[in-house]
A.B. asks: 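This is the structure I have questions about; it appears just below.
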Amino acid sequence: MSHVHFGINLGFAVKRWPEPEAWAELVAERLGLKLVQFTFDLLDPWWPEAERRLLAHKAQRAAAAAGLTIHSAFVGLASYTYNGLLHPEPAGRRAALEWWRRAVDLAAELGASAVGGPLGGMSVASAPNQRERLYPLLLDDVRAITEWAAAAGLREMLIEPTPLTREIPHHIDEARRLLADLDGTTAVPVRYVIDVGHALYRPLYGSDAALEPWLNALGHRIGVFHLQNTDFQSDSHWGWPDPRGHFDVPAFARAVQAAGLGETPTFLEVFYSFEMDDQAVLDNITQSVEHCRRALATSDAG
Ligand code: MN
Ligand code: FE
């Protein structure tokens, strides 16, 4: 996996470096990366269209000036908080679909080629018996989103599985079923984002949870990887160094290479607490990028 395929999700910049020039310079100069995944935590699709367009235009220009490619625009922490397309109320689901329509527009305004994120979560009350009723509605919503994506000039929609049984898809079989049910009915291809902190979450998948089954089952239908440091007991999103985490980036790189997926864009996705010292965040994100870059480059040579 060469450096061209390694980039960073802008979640690290939230609230601290929202100015496009600030994050663009950080990514290009300090981190030495060319590829970014924009997060809707920096710019919300719901914001009034005139302001949103203006801010998206500035972000797109700053990225271009710094030589950065905005690969995709992605659901962040804020929008993940809501039930999204699996809201128990029809009105909630309609609102979520409208959010995605705007997210597609914003992704296009940013010059990204894809839009994506987790799809939604059912309530505790609806999860046990509403899944089969909500599932076909979810399929229709994804199809609608891909229609808007095609019309906006995007090339794909990226879906991120999450390790919660109330969410769809949350395991390998469900991810395969979703693809099978969507295939041939979407206006742009649908592919997956495999977040290592989700795929290897042991409380749900067991102590022998591994990446290979995901890679083997989904193969080139994996469009992006999310890298993070984790203890496998939480969706940690830690960086390096972190005494709590023991995610092995070289092993990840070897597995991805072995599966023939070495060209898949891989984004470091690290979140820091709002109260953490700004300089400490800067130091950790810099060391995290170095750590991952070294590990990914080593697997290239070997
Ligand atoms: Mn993720
Ligand atoms: Fe996550």
Side-chain angles (χ1 to χ4, degrees), residues 4-11 20 23-24 27-28 33-76 78-80 84-85 94-120 138-160 178-179 182-194 220-226 263-267 269:
V4 232
H5 308 295
F6 176 52
I8 192 161
N9 178 288
L10 292 178
W23 57 251
V27 171
L33 297 170
K34 295 263 180 229
L35 195 63
V36 296
Q37 182 171 64
F38 193 84
T39 173
F40 294 129
D41 285 347
L42 281 171
L43 181 40
D44 191 321
W46 276 129
W47 288 356
E49 226 168 278
E51 283 72 22
R52 188 193 72 201
R53 263 204 210 120
L54 184 153
L55 293 169
H57 178 66
K58 290 192 170 191
Q60 180 262 320
R61 284 212 345 204
L68 299 176
T69 299
I70 300 179
H71 169 276
S72 39
F74 223 74
V75 168
S79 34
Y80 180 60
L85 297 171
R94 287 198 299 274
L97 190 56
E98 172 63 14
W99 183 92
W100 275 97
R101 192 186 63 74
R102 293 171 189 229
V104 164
D105 289 347
L106 174 50
E109 289 158 12
L110 288 162
S113 59
V115 67
L119 295 176
L138 182 67
L139 292 176
D140 281 340
D141 287 347
V142 170
R143 291 176 187 124
I145 294 165
T146 65
E147 294 268 342
W148 290 318
L154 303 185
R155 284 202 295 270
E156 64 182 350
M157 178 179 174
L158 296 162
I159 295 176
E160 184 166 2
L178 183 65
L179 276 187
L182 286 172
D183 267 352
T185 67
T186 62
V188 296
V190 167
R191 293 206 288 170
Y192 285 116
V193 173
I194 297 304
H220 285 279
R221 300 307 295 271
I222 298 172
V224 161
F225 290 105
H226 275 170
E263 312 270 281
T264 308
T266 299
F267 295 95
E269 187 185 38

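Since this is a predicted model, take the numbers as computed values, not measurements.
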A.B. asks: Could you state the interatomic distance from CG (Leu110) to CZ (Phe40), rounded to the nearest 0.5 Å?
C.D. replies: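 Separation between the atoms: 7.5 Å.
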
A.B. asks: If you compare all heavy atoms of Ala28 against all heavy atoms of Ala66, which two are closest, and at what distance to 0.1 Å?
C.D. replies: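 So the minimum-distance heavy-atom pair works out to CB-O, 3.7 Å.
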
A.B. asks: Relative to each other, are the rings of Phe267 and His71 parallel, tilted or perpendicular (30° and 60° limits)?
C.D. replies: tilted

A.B. asks: How many angstroms lie between CZ in Phe74 and CD in Glu269, if you round to the nearest 0.5 Å?
C.D. replies: 7.5 Å

A.B. asks: Using only atom types and a distance under 3.5 Å, with no angle test, would you say the side chain of Thr266 pairs donor to acceptor with the backbone of Thr264?
C.D. replies: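 Yes; at least one donor-acceptor contact below 3.5 Å.
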
A.B. asks: Are side-chain heavy atoms of Leu35 and Val27 found at a separation under 4.5 Å?
C.D. replies: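 Leu35 does not reach Val27 side chain to side chain.
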
A.B. asks: Can you list the steps and then say if Ile8 with Trp23 is a side chain to side chain contact (heavy atoms under 4.5 Å, CB included)?
C.D. replies: CA-CA 11 Å; Ile8 192 161; Trp23 57 251; over 6 Å; no

A.B. asks: I need the minimum non-hydrogen distance between Arg143 and Thr186, along with the two atoms involved.
C.D. replies: CG-CG2, 4.5 Å

A.B. asks: Determine the minimum heavy-atom distance between Ala73 and Ala112, stating which atoms define it.
C.D. replies: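 Nearest pair, atom of Ala73 first, then Ala112: N-CB, 4.0 Å.
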
A.B. asks: Please determine whether salt bridge (Lys or Arg N to Asp or Glu O under 4.0 Å) holds for the pair Glu49 and Arg53, giving the CA-CA distance in whole Å, both sets of side-chain angles, and the decisive distance to 0.1 Å.
C.D. replies: CA-CA 6 Å; Glu49 226 168 278; Arg53 263 204 210 120; 3.0 Å; yes

A.B. asks: State, to 0.1 Å, how close Ala78 and Asp41 come at their nearest heavy-atom pair, and which atoms those are.
C.D. replies: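 Result for this residue pair: N-OD1, 2.9 Å.
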
A.B. asks: Could you check Val75 against Val115 for side chain to side chain contact (heavy atoms under 4.5 Å, CB included), going step by step and ending with a plain yes or no?
C.D. replies: CA-CA 8 Å; Val75 168; Val115 67; over 6 Å; no

A.B. asks: Can you pull out every salt bridge (Lys or Arg N to Asp or Glu O under 4.0 Å) where at least one residue sits in residues 183-193? Sequence neighbours excluded, please.
C.D. replies: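 Residue pairs passing salt bridge (Lys or Arg N to Asp or Glu O under 4.0 Å), neighbours aside: Glu156-Arg191, Asp183-Arg221.
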
A.B. asks: Given salt bridge (Lys or Arg N to Asp or Glu O under 4.0 Å), test Arg102 with Glu98 step by step and report yes or no.
C.D. replies: CA-CA 6 Å; Arg102 293 171 189 229; Glu98 172 63 14; 2.8 Å; yes

A.B. asks: Any idea which heavy atoms bring Val188 and Ala149 closest together, and the distance?
C.D. replies: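 Heavy-atom minimum between the residues: CG2-CB, 4.0 Å.
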
A.B. asks: Could you walk me through whether Trp46 and Leu106 satisfy the side chain to side chain contact (heavy atoms under 4.5 Å, CB included) test, starting with their C-alpha distance in whole Å, then the side-chain angles of each, then the deciding distance to 0.1 Å, before giving a yes or no?
C.D. replies: CA-CA 10 Å; Trp46 276 129; Leu106 174 50; over 6 Å; no

A.B. asks: How long is the gap from CG on Leu138 to CG on Leu119, to the nearest 0.5 Å?
C.D. replies: 5.0 Å

A.B. asks: With a 4.5 Å limit on heavy-atom distance, are the side chains of Trp100 and Leu85 in contact?
C.D. replies: yes

A.B. asks: Which value, rounded to the nearest 0.5 Å, describes the distance between Thr146 atom OG1 and Trp148 atom CH2?
C.D. replies: 10.0 Å

A.B. asks: State, to 0.1 Å, how close Leu158 and Tyr192 come at their nearest heavy-atom pair, and which atoms those are.
C.D. replies: CD2-O, 4.5 Å

A.B. asks: Side chain to side chain contact (heavy atoms under 4.5 Å, CB included) for Ile194 and Phe225? Distances and angles first, verdict last.
C.D. replies: CA-CA 5 Å; Ile194 297 304; Phe225 290 105; 3.9 Å; yes

A.B. asks: Let me confirm one number: the CG-CG distance from Leu68 to Leu33, rounded to the nearest 0.5 Å.
C.D. replies: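 Reported value, rounded in 0.5 Å steps: 8.5 Å.
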
A.B. asks: How many angstroms lie between CD in Gln60 and CG in Leu55, if you round to the nearest 0.5 Å?
C.D. replies: 13.0 Å

A.B. asks: Whether the side chain of Arg52 engages the backbone of Pro45 through a donor-acceptor N/O pair (distance < 3.5 Å, no angle test) should be reported.
C.D. replies: yes

